[in-house]
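Presented below is the structure to which this report refers.
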Amino acid sequence: MQELLTAPLTACISTHLGVAPALVAKLYAPPAKGLPGDIAVPCFQLAKAKNVAPPLLAAQLADVVNSAGIGAHAAAAGPFLNITLDATSVALALLPLLAADPRVALRSRVGAGRVVCVDFSSPNIAKHMAFHHIRSTMIGNALALCYDAAGWKVVRINFLGDWGTAFGRLIAGWKREGLGMADLEAAPNKVTFLNQLYVRISRLEKEDPTVEGEARQWSRRCEEGDAEALALWETIRTVSVAACQEIYRVLGVTFDDWSGESRYRDAAGPIVAELKQKGLLKEDQGAQVVDLSSLGMKKPCLILRSDGGSLYATRDLAACDDRHARYHFARSLYEVDLGQSLHFKEWFAVAKLLGRPYADSLRHVGHGIVLMWNDETSTWEKTATRKGIPMMLMDILAEAIERARAVVADKNPEIVGEERERIAAAVGVGAVVFNDLKNSRTGDVKFKFEEALRFDGETGPYLQFSHARLCSIERKFPATHPHPPAADPGLLTLDSEKSVLLAIARLVPALERVAESDEPSALAQAVLSLATTVASWLTAGNHDEDLRVLCPDPAKASARLALVRAARGVLGEGLRLLGLQAPERM
RNA sequence: GCGCUCGUAGCUCAGCUGGAUAGAGCGCUGCCCUCCGAAGGCAGAGGUCAGAGGUUCGAAUCCUCUCGAGCGCGCCA
């Protein structure tokens, strides 16, 4: 979309100077604040190539552009060339496209049919999804949606932590306490039931050394395929998955592949055999490891425990082979917190030593932790526990929805019943999700209910409000007026209207950046910027009815309605790609 | 000790792959609802971009070092 606006300019400058168009196009930048113009061209590099002084070249180019008749006005400011596009030429270039389908503003072909695997959320079973799981879940979800919009074929994978020594311990506790299915069925919350069982048996293990042996024994029975052990494990898994599904339903997240470590419990063998055959495996303190010093890493990667059991690096390798065989991915993302970067660095390195063709396409997409404000100590604290109880994601979402419901009821009492509930959920969840996506993912997220749930400022509800406001104007547009596509884009002559279109045109670069650097905040920021531009445009009409969308001149009103529709459609699509809903009123 | 993430306004953060006078939200000050949604807008005050070197015509941005914060570093995942 941006190219549509700059193509004539690029052609004009590049033919005049006799340089490649791409050389010119990559120079475009936003002009400095306060200076007039829509596009700035710093002339240093071009001047060097042509061996003239930058200010001289800028002045020359200004003349060339101004006499070219390409719907743009240029002014030199020292070594910079500032371009102001005509509002009508912007509208004529973009509005017809947007009218046909606003989603063009958020589509790209950079993915070109390649496959990307996105591994995200990946909770451990038999535990509640804690608040911090929101990060992997919603960053991963946004990445999956954005890669899709950028032309990639996306495989969404939920790799459950459903295998390992913890389950041996859990089953040992289950047997020791003589529990049965009826006890689990009777529990008000089955995951809480399992979680508490785990806490009890872990505590007991510290006092009673026989527990450890029992746990290891049940672990082994699981690995060996013992029917009783596997039946219990299966029950635990089913119960946990159901609880996760409920959260994903609230968040609007889906997966293509519900995998898990258990699927690769027997897959360690072939990997170990291959490592051995290639001479990469060696024994170290009783364990089997791969030395990574040839790749500049001091510590080796652990492959097998001294008791012969597999480790998670081994299972990750096996799972990765499997994914590559099944999906032929060109890129594979692991949306897991930054604390595990060493683990990923290690097994990526092993994949490289094994000569895997995909080794360089693996990416650990890490994120920072979630901190919560503590009123008593006036500090930011990790959200691990509150009074020893894990802070549950579902509780946070429920409180957010409740707070949103109160605001909706207050601001818009005529919205009632099922619609109010739907909107409260969209707004409450949207507030929490956007709080997580708006800043760079590698930083820590600071969460405060009062901040995330405020409905002014840079928040999810602000974006949703902006969308609802545009919908409201559409609803009020008189049926007697000419409706688009009869609208004439040439009637959009205001700078504020041009600004909206330019903000829309900046979304594709933002989307492409998301799919390149795995950074959803790039889109979040661009959508935010669109919303503020829209708000500024609309509010200007408060005191001047000629500036309103619903202005006295029907032809002008029609053109503006086309812009309202475009902006609403784009905003709605932007919200969708971030994993937020966009209610039509709120 | 090694590695990772980070340090920008009172607070929370943007700053696209190096460009002009470093931006936004909150808070604060002053305006704007007989005005398409005030969940909004306009204006203002507020900064030695942690510090020191280096590369460059040009550095918040790239390189090195120092200081400070958080996290990780062998049989858990």
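Here is how names work: the chains are called A, B, and so on, in the same order as the sequence lines, proteins then strands, and each is numbered from 1. Quantities reported herein were computed from a predicted structural model and do not represent experimental measurements.
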Exercise. Verify the ring-centre separation between A:Tyr334 and A:Phe344: is it less than 6.0 angstrom?
Key: yes
Quiz prompt | Ring center gap for A:Phe348 and A:His364 short of 6.0 angstrom | solution =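 No, they do not, as the ring centres are separated by 6.0 Å or more.
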Please pick, from [options], the nucleotide with the shortest atom-to-atom distance to any side-chain atom of [X].
X        : options             : result
A:Leu311 : B:G40, B:C75, B:A20 : B:C75
A:Pro42  : B:G19, B:G37, B:G74 : B:G19
A:Tyr462 : B:G41, B:C73, B:C75 : B:G41
A:Lys299 : B:C73, B:G41, B:C76 : B:C73
A:Phe465 : B:C16, B:G40, B:C36 : B:G40
A:Pro31  : B:C75, B:C36, B:A20 : B:A20
A:Ala32  : B:U5, B:A20, B:G40  : B:A20
A:Phe455 : B:A39, B:C36, B:G74 : B:A39

Quiz item: Could a donor-acceptor pair under 3.5 angstrom be found where the side chain of A:Asn82 meets the base of B:A20?
Solution: yes
Base, sugar-phosphate alone, or nothing: which one does [X] contact when heavy atoms must sit under 4.0 Å apart?
X        : result
A:Pro54  : nothing
A:Thr165 : sugar-phosphate
A:Ala535 : sugar-phosphate
A:Leu538 : base
A:Glu346 : nothing
A:Val289 : base
A:Asp410 : nothing
A:Met586 : base
A:Ser536 : sugar-phosphate
A:Arg513 : sugar-phosphate
A:Ala468 : base
A:Gly443 : nothing
A:Asn124 : sugar-phosphate
A:Gln285 : base

So, does [X] get its side chain near the phosphate of [N], meaning an N or O under 4.0 Å from OP1 or OP2?
X        : N     : result
A:Thr442 : B:C6  : yes
A:Lys476 : B:C36 : no
A:Ser472 : B:G37 : yes
A:Arg475 : B:C36 : no

Expressed in whole Å, how much space separates the [atom1] atoms belonging to [N] and [M]?
N     : M     : atom1 : result
B:G23 : B:C16 : P     : 14 Å
B:C6  : B:U12 : C1'   : 15 Å
B:C63 : B:U21 : C1'   : 28 Å
B:A43 : B:C26 : P     : 14 Å
B:A20 : B:C62 : P     : 16 Å
B:A22 : B:G41 : P     : 24 Å
B:U8  : B:G47 : C1'   : 8 Å
B:A52 : B:C11 : C1'   : 29 Å

Self-check item: Stacked pair A:Phe80-B:A20, distance under 5.5 Å, angle under 30°
Solution: yes
Quiz item: Under 5.5 Å between ring centres and under 30° between planes: does that hold for A:Phe44 against the base of B:G19?
Solution: yes
Table of protein N/O atoms under 3.5 Å from nucleotides 26-30 of chain B N/O atoms:
from, atom 1, to, atom 2, distance (Å)
B:C26, O3', A:Arg454, NH2, 2.9
B:C26, O2', A:Arg454, NH1, 3.3

Can you tell me the base-pairing partner of [N]? Count Watson-Crick or G-U wobble geometry only, both distances below 3.5 Å, and say none if there is no partner.
N     : result
B:C65 : B:G51
B:G27 : none
B:G1  : B:C73
B:U56 : none

Quiz item: If you look only at pairs with a residue in residues 23-59 of chain A, which of them pass as a ring pair (Phe, Tyr, Trp, His ring centres under 6.0 Å), with sequence neighbours excluded?
Solution: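 Found A:Phe44-A:Phe80.
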Practice problem: Select from A:Lys345 and A:Val549 the residue whose nearest nucleotide in RNA chain B is closer to the 5' end of that strand. | Solution: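 Nearest-nucleotide comparison on RNA chain B picks A:Lys345.
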Quiz item: Is there side-chain contact between A:Ile83 and A:Asp38, with at least one heavy-atom pair below 4.5 Å?
Solution: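 Counting from C-beta outward, A:Ile83 and A:Asp38 never come under 4.5 Å.
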Self-check item: Any A:Arg405 side-chain heavy atom under 4.5 Å of A:Val408 side chain
Solution: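 SC-SC contact between A:Arg405 and A:Val408 ruled out.
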Nearest-angstrom distance from the residue atom [atom1] of [X] to [atom2] of [N]:
X        : N     : atom1 : atom2 : value
A:His467 : B:A39 : NE2   : P     : 18 Å
A:Trp537 : B:G37 : CH2   : P     : 13 Å
A:Tyr312 : B:C73 : OH    : C1'   : 11 Å
A:Glu545 : B:C32 : CD    : P     : 21 Å
A:Asn51  : B:C57 : CG    : P     : 14 Å
A:Tyr198 : B:C76 : OH    : P     : 11 Å

Quiz item: Does one side chain, of A:Glu519 or A:Ser517, offer a donor that lies under 3.5 Å from an acceptor on the other?
Solution: no
Exercise. Can you label the angle between the A:Trp347 ring and the A:His343 ring as parallel, tilted or perpendicular, going by 30° and 60°?
Key: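 Rings of A:Trp347 and A:His343: tilted, as their planes differ by 30° to 60°.
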Self-check item: Among A:Arg237, A:Arg265, A:Arg263, salt bridge (Lys or Arg N to Asp or Glu O under 4.0 Å) partner for A:Asp162
Solution: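 Among A:Arg237, A:Arg265, A:Arg263, the one that satisfies the salt bridge (Lys or Arg N to Asp or Glu O under 4.0 Å) with A:Asp162 is A:Arg237.
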Self-check item: NZ on A:Lys282 to CG on A:Asp284, rounded to 0.5 Å
Solution: 6.0 Å
Using nucleotides 9-13 of chain B, report all nitrogen or oxygen pairs with the protein that are shorter than 3.5 Å.
from, atom 1, to, atom 2, distance (Å)
B:C13, OP1, A:Lys446, NZ, 3.3
B:C13, OP2, A:Lys446, NZ, 3.2
B:C13, O3', A:Asn439, ND2, 3.2
B:C13, O2', A:Asn439, ND2, 2.5

